Amino acid sequence: MTERMTVLLQDEGMLILPPELRTRLGLKAGNLLDVSELNGAIILSPRRAPDQMTPDPMVDDPQFQSKLKSMQDMLENL
């Protein structure tokens, strides 16, 4: 499900993720998030234990990355 949400960038770069998103993703205080940038889009991904990790085509596949030109392209390819 792709849903656009807006958050405010606070002092020292702090973000507060909406509660419904945290609940849906099972995120709790103290969880680690991986941060990456793709063609000007910021991508946050919950850090998973190594045995739970699968390749993320948005981050790990150079062929997929080269096809993305904008955030709209990324959303359309989900």
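Because the structure is a prediction, the values reported are computed rather than measured.
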Heavy-atom closest pair (Gly13 atom, Leu9 atom, distance to 0.1 Å) is O-CD1, 3.4 Å
In terms of heavy-atom contacts, Val7 and Ile16 come closest through CG1-O, 3.3 Å
- Task: List the steps and the verdict of side chain to side chain contact (heavy atoms under 4.5 Å, CB included) for Ile42 and Val35.
- Result: CA-CA 7 Å; Ile42 299 168; Val35 180; 4.1 Å; yes
ask   = In terms of hydrophobic clustering (I, L, V, M, F, W, Y; side-chain heavy atoms under 4.5 Å; direct or indirect links), are Leu15 and Leu32 co-clustered?
value =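 They do not share one cluster, since no chain of ILVMFWY contacts under 4.5 Å joins Leu15 to Leu32.
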Is Arg47 reaching over with its side chain to a backbone N or O of Asn31, donor-acceptor style, under 3.5 angstrom?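 Here the side-chain-to-backbone pair does not exist.
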| message | Is it the case that over 12 heavy atoms from other parts of the model lie below 6.0 angstrom from the CE atom of Met14? | response | no
With the side chain counted from C-beta on, respond yes when Leu17 and Leu44 share a heavy-atom pair under 4.5 Å apart, and no when they do not.
->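 Side-chain contact under 4.5 Å: yes.
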Across all chains, not counting sequence neighbours, the side-chain contact (heavy atoms from CB on, under 4.5 Å) partners of Leu25 are Leu21, Leu27
